[in-house]
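Report on the structure given below.
Whatever order the structure lists ligands and atoms in, that order sets their numbers, starting from 1.
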Amino acid sequence: MKSDARDPDAGAASGGQEFSGVGVSAGIAVGSVHVIDSGLAHVPEYRIPDRAVSRETGRFADALDRARAEVAELRSKGESLNASAREELGFLLDAHLALLASNRMVAGVKSRIREERINAEAAVSLVISDIARGFEGIADPYFAARVHDVRDVGSRIIRQFVRAPSPRVAGLPKGVVVVADELSPADIALLDPEHVAAIVTASGGPEGHTAILARSMGLPAVLGVAGIMDTVRTNDRIVVNGEEGLVLVRPDAAVLAEYRRRSAAQRRLGRQLARLRSLPAETTDGTIVGLQANIELARDVDTALESGAEGVGLLRTEFMFMNRDVPPGEDEQYALLRSVVDGMKGRPVTIRTLDTGGESQVYGVHQGRSEGANPMLGMRAIRLSLRHPELFHIQVAAILRAAAHGPVRLLLPMISSVHEVREVREIVCEVAARIKDRSPVAIPPLGVMIEVPGAALIAEALAREIDFFAIGTNDLTMYTLAIDRGDEQVAPLYNPLHPAVLRLIRMTVSAANRAGKPVSVCGEIAGNPRFTSLLLGLGVRELSMTSKSVPRVKQRVRVTCLKSAGRSAEAILELGEESQVARMLDDFNRDL
Ligand code: PEP
Ligand code: MG
């Protein structure tokens, strides 16, 4: 890990360096940098106490097992190749397996951990470098190629540490701004919001789960900041402006003072908004709008209640599966879900079944399973659950048991066809019948996420099968416009104001209203006050968002006249271009 003992305010008098990226979580933070190197080129190295030797040896053994499983998976993928390619791959993988089993490597790593008291990944990196150097000294093309294999094997093992629970983001000092190439949703879930002031990464787009989590934890965040890792050092003074997507490294004294002033003003505004907590979310013409919270972990319940949310509109259960090697069992899931249901004290809790795959990798679930060539379109979310009953039945059982303790709703992610809903209904009945003699259960209302354009287009048919809809505009925008929500390169193109997205929302709301089924929006636009009048105008009456946004959205609801919002939305739906939509919406909002 890089580190630098410079004076944190060094440079404060000599100007600084400004970077821009994608501002994904508003707020201003002034802090000192803590660099996290995630690249394999920079393997973290730290000293371990005597008592941690067996833990590190165990981490190494686990990483080896996973690396071997990866090679086995590659081999089975290779079965479909033509004979000569298969043979070629076979030789290569044999060489990798031999290295993974080689005494020089395995014993070498263990002895470095034991004797040098260093962490496992650092020990792997050192041993691999030693072995590679040995081959480099031999002037023969065959051995030169082996150097490559050796380094590949090293990377493969080290990658396992990065994917597995990692100590790199836990236990950070107070007030730090974490700067990294990339942070996975699982990494963010491990950050302590009391210690971390903000997040800056070189990659990542506006609505990836890293961005969503940063918002839900109230951490200012700017992602997709090109070049940041070449410039910052641990302990540098840094300003993060999450609203405008700006990062200022080693700013001068005047800039620092200005940002400290803005940060204090923001805290004052937060206190003013908090006073709205006990007031209803009621439009000026008397319609009550339901405002609920999106949460990821049981620890978010208190923040949801403090924000004034009337329930949980989306519980993303995949976070309960992250940062661990094996998925939680039925009892553990039940205990976690029940703590949310109990914590919400009689308010509704909408539990979404596992939505992993793509950027939200869950090690214990995805290990050993092929990702497919295009994970966002592959075996993720409900498809994975239906394909793997051994996982899904356990989760359903835990949800039905939790439902016996309060008003739970069961929500299915990434539904694209009616038959998926029918299959789930059958499973729910089957599981209930199987477990009802051993534990109290309740069968909750069943709803679907509308986040695939095809599902919006058949909302009418889905409405006959389900009890409620939740529109997931994050994925709906991604799949409608074919723009990866987590990719900074196409971030400027990602726009939920695109007329196609708005029409799909409208179509879903109309189908739900005709069938008398509740419909909410739980994508990130639900928590952005810029979109509030538009969503209300499109007929949406329930919004679910990160808790921190509830007061700001409530404030916007309370100044909105539903009738004029409806007229404005009708006019907006006539437009063919997102820039026109943005102009008309901003004009409407300005007059509120
Ligand atoms: C969505 O896609 O809008 C949504 C709410 O689900 P997630 O962000 O978890 O994919
Ligand atoms: Mg989604």
May I ask you to check if ligand 1 and [X] share an N or O to N or O distance below 3.5 Å?
{"X": "Ile212", "result": "no"}
{"X": "Arg352", "result": "yes"}
{"X": "His209", "result": "yes"}

Discussion item. Between the Mg ion (ligand 2) and Asp475, which N, O or S atom of the residue is the nearest one?
Written reply: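 Closest N, O or S atom of Asp475 to the Mg ion (ligand 2): OD2.
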Worksheet entry | Of all N/O/S atoms in Glu451, the name of the one nearest the Mg ion (ligand 2) |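 Nearest to the Mg ion (ligand 2) within Glu451's N, O and S set: OE1.
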Fill in: Audit row: Arg425, Glu465, salt bridge (Lys or Arg N to Asp or Glu O under 4.0 Å) steps and yes/no
CA-CA 9 Å; Arg425 257 202 209 286; Glu465 305 285 329; 5.6 Å; no
Give a yes or no on whether a salt bridge exists between [X] and [Y], defined as a side-chain N under 4.0 angstrom from a carboxylate O.
{"X": "Asp331", "Y": "Arg401", "result": "yes"}
{"X": "Asp355", "Y": "Arg380", "result": "yes"}
{"X": "Arg409", "Y": "Asp467", "result": "no"}
{"X": "Arg277", "Y": "Glu306", "result": "no"}
{"X": "Glu524", "Y": "Arg215", "result": "yes"}

Looking at [X], which atoms of ligand 1 are within less than 4.0 Å of one of its heavy atoms?
{"X": "Met449", "value": "4 (C), 5 (C), 6 (O)"}
{"X": "Leu314", "value": "5 (C)"}
{"X": "Asp475", "value": "1 (C), 2 (O), 3 (O), 10 (O)"}

Discussion item. Can you see whether Tyr494 has Arg485 sitting over its ring - NZ or CZ less than 6.0 Å from the centre and within 45° of the normal?
Written reply: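 Geometry flag: not set, cation outside 6.0 Å or 45°.
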Fill in: Identity of the nearest option to atom 1 (C) of ligand 1, non-hydrogen atoms only, from Gly472, Cys522, Gly313, Gly208
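Considering heavy atoms of Gly472, Cys522, Gly313, Gly208, the nearest to atom 1 (C) of ligand 1 sits in Gly472.
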Worksheet item: Do you see a donor-acceptor pair shorter than 3.5 Å between the side chains of Ser520 and Gln292?
Response: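 No - no donor-acceptor pair under 3.5 Å links their side chains.
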Worksheet item: What residue and atom, counting heavy atoms only, is the protein's closest point to atom 8 (O) of ligand 1, and at what distance?
Response: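 Residue, atom and distance for the closest contact: Arg485 NH2, 2.7 Å.
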Practice prompt. Please state whether the separation between the Mg ion (ligand 2) and some N/O/S atom of Asp355 is under 2.8 Å?
Written response: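 Here the distance criterion (N, O or S atom, under 2.8 Å) is not met by Asp355, so no.
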Fill in: Proximity flag Glu524 to ligand 1, non-hydrogen atoms under 4.0 Å
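So Glu524 does not count as touching ligand 1.
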